[in-house]
There are 2 protein chains.
Amino acid sequence: MEYEAANIHDLTRGAQRILEVASKLFYEYGIHAVGVDTIAAESGVTKRTLYNNFGSKDALITRYLKNRHLVWWQNLEERLDIAEPPRALAFFDIYAEDARTITRGCAFHNAAAELPTDHPAYAVIRYHKRAVEERFVELIAEEQPATKDPKRLGRHLFLLLEGAFTHHGIHDRGLLAEAREIARELLI
Amino acid sequence: MEYEAANIHDLTRGAQRILEVASKLFYEYGIHAVGVDTIAAESGVTKRTLYNNFGSKDALITRYLKNRHLVWWQNLEERLDIAEPPRALAFFDIYAEDARTITRGCAFHNAAAELPTDHPAYAVIRYHKRAVEERFVELIAEEQPATKDPKRLGRHLFLLLEGAFTHHGIHDRGLLAEAREIARELLI
DNA sequence: GGATATTTACACAGGTCTGTGAAAGTCAAG
DNA sequence: CTTGACTTTCACAGACCTGTGTAAATATCC
């Protein structure tokens, strides 16, 4: 990893609740819009505890995105393990499933919109997106060996997915389902 | 339009400068990260003038996105007028050109990440994205009448473009150029 | 040049923001 | 029962935030 890994289990119970609450609020309302007082209050701890555990808001933001990546990635691999070929479509299914419970598009893109590019969390964003893209390309290369340019097809599908999921935050016009359908045709 | 149109020429010279400066700063650093004091100071006017002209920060934000849409759309139509078929590729060229001078992806997506969905500016964001998508589909329907499903192809290209441009803010890995290349192949 | 519109200057209100200090309280494990 | 890790309490600092009131100064237009 380009950044220090961060396991939830290193955290005390209170700290875990802080991270949960912060994740929900940061995603729902945006990072700048949510203050540490709010996060502490919603977590049922004092602001002092928040600072004792995370050090600063910026560090909490970074932890939020690291954790989001880890959880999401684990879910991805589990789903891929049980998916039937073409497994690239499982990617679309995961996003579609996410979209049923969360409604503001991609947490990483949203964070990128708010943070300065030299923020510690920005490295996590870059890492995550790159990892997803590469996993996609890898998958295509494995399962569609007959494709003349697996890398291009992988990126092609990746872009479809990114476009559709990002849009989900703005206006759902069935783009995720349509992207999946387009992908399905491309994989035949 | 779903929202009241807003012409720059209604504004005094000072107000135009405010809008210019606000546009630059909102895009570059994010909306919440930029205060009205900063905007006024950079514009060389007093904060009072800003409030006399725009009423509130929220109204200024809304005006920023309305104006961004109008300017961008005008540029789009001008470019389409002189473009050679397939003109859908001109879309990619416009985004690629934008990407040379601005480096934080799509202003509308970024704003959407920060604003509550009931913010007046959010309607502008929805309108803009929908308009772009529809213009794309329209263009395909005109120029690729042989396509069996012009709407799907239009959305397909739209998603490629959105995915690539959004990514440009995070990490430029030549995705815009690759998206154009993929689009070119799809249009043959 | 005189009426009208606009901008300045500047103080101020009332919040909210991140972050800290220091002492007292709580709880679990040895 | 004691040690040590964690959390609470609560006051406070200092900065930044949006937005306003008012009177004087300056443009702009007929």
Side-chain angles (χ1 to χ4, degrees), chain A residues 6-65 111 113-116 118-122, chain B residues 6-65 111 113-116 118-122:
Chain A
N7 198 307
I8 276 199
H9 308 296
D10 300 344
L11 300 177
T12 64
R13 230 170 309 200
Q16 286 181 28
R17 218 159 48 235
I18 291 169
L19 189 55
E20 269 172 41
V21 169
S23 300
K24 181 172 154 267
L25 297 180
F26 283 158
Y27 177 73
E28 191 69 26
Y29 301 104
I31 290 170
H32 284 326
V34 176
V36 286
D37 287 278
T38 306
I39 295 169
E42 297 264 311
S43 311
V45 300
T46 59
K47 189 167 49 163
R48 205 72 190 78
T49 300
L50 188 155
Y51 275 93
N52 284 345
N53 279 280
F54 296 96
S56 69
K57 186 183 179 181
D58 282 328
L60 179 57
I61 294 167
T62 308
R63 191 74 185 246
Y64 151 57
L65 291 174
E114 290 201 73
L115 300 176
D118 59 354
H119 191 286
Y122 217 96
Chain B
N7 198 307
I8 276 200
H9 308 296
D10 300 345
L11 301 176
T12 63
R13 231 171 307 201
Q16 286 181 29
R17 219 160 45 235
I18 291 169
L19 190 55
E20 268 172 42
V21 168
S23 300
K24 180 172 155 268
L25 297 180
F26 282 159
Y27 176 73
E28 191 69 24
Y29 300 103
I31 289 169
H32 284 326
V34 176
V36 287
D37 287 279
T38 307
I39 296 169
E42 296 264 312
S43 312
V45 301
T46 60
K47 189 166 50 164
R48 204 75 191 76
T49 300
L50 189 155
Y51 275 93
N52 284 345
N53 278 279
F54 296 96
S56 70
K57 187 184 179 181
D58 282 329
L60 178 58
I61 295 166
T62 308
R63 190 74 185 246
Y64 151 57
L65 290 174
E114 289 201 73
L115 300 176
D118 59 354
H119 191 288
Y122 217 96

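Labels below follow one simple rule: chain letters A, B, ... track the order of the sequence lines, proteins then strands, and each chain is numbered from 1.
- The closest donor-acceptor contact from the side chain of B/Thr49 to the backbone of B/Val45 lies at 3.5 Å or more, if one exists at all.
- Remark on DNA chain D: of its neighbouring residues B/Thr38 and A/Arg48, the 5'-side contact belongs to A/Arg48, judged by nearest-heavy-atom nucleotide.
- Across the helix from C/dG1-D/dC30 to C/dG30-D/dC1, the helix axis at one end is tilted relative to the axis at the other end by 30° (nearest 10 degrees, each axis from five pairs).
- Counting heavy atoms from C-beta on, the side chains of A/Ile39 and A/Ser43 come closer than 4.5 Å.
- Between B/Thr46 and the phosphate of C/dT8, there is a side-chain N or O to OP1/OP2 separation shorter than 4.0 Å.
- Taking 3.5 Å as the limit, the base of D/dG19 and the side chain of B/Lys57 contain no donor-acceptor pair of atoms between them.
- Atoms CG (A/Asp37) and P (D/dT9) sit 15 Å apart, rounded to a whole Å.
- For the pair A/Asn52 CG and D/dC10 C1', the interatomic distance rounds to 14 Å; values are reported in whole Å.
- Between B/Arg17 atom CZ and C/dT7 atom C1' there is a gap of 11 Å when expressed in whole angstrom units.
- Between A/Asn53 and the phosphate of D/dT7, there is a side-chain N or O to OP1/OP2 separation shorter than 4.0 Å.
- Remark: P of C/dT18 and NZ of A/Lys47 are 8 Å apart, rounded to the nearest angstrom.
- From A/Lys47, atom NZ reaches atom OG1 of A/Thr38 across 10.5 Å, with rounding to the nearest 0.5 Å.
- In this structure, OG on B/Ser23 lies 11.5 Å from CD1 on B/Ile61, to the nearest 0.5 angstrom.
- Between the B/Glu42 side chain and the B/Val21 main chain, no donor and acceptor come within less than 3.5 Å of each other.
- Here the C1' atom of nucleotide D/dT18 and the CD1 atom of B/Ile31 are 15 Å apart, to the nearest Å.
- Between B/Thr12 and C/dT7 there is a side-chain polar atom (N or O) within less than 4.0 angstrom of OP1 or OP2.
- The residue B/Arg13 sits close only to the backbone: its heavy atoms come under 4.0 Å of sugar-phosphate atoms, none of a base.
- For the pair B/Glu114 (side chain) and A/Gly30 (backbone), a donor-acceptor distance under 3.5 Å is absent.
- Side chain of B/Lys57 to main chain of B/Ile31: a donor-acceptor pair is present (N/O by atom type, distance under 3.5 Å, no hydrogens or angles).
- Between the P atom of C/dT18 and the CD1 atom of A/Ile18 lies a distance of 14 Å, rounded to the nearest Å.
- Between the OH atom of B/Tyr29 and the P atom of D/dC17 there is a distance of 14 Å, rounded to whole Å.
- Look at NE2 on A/His32: it is 10 Å from P on C/dT18, rounded to the nearest Å.
- Considering only side-chain atoms of B/Tyr51, the nucleotide from C/dT7, C/dG19, D/dT18 that sits closest is D/dT18.
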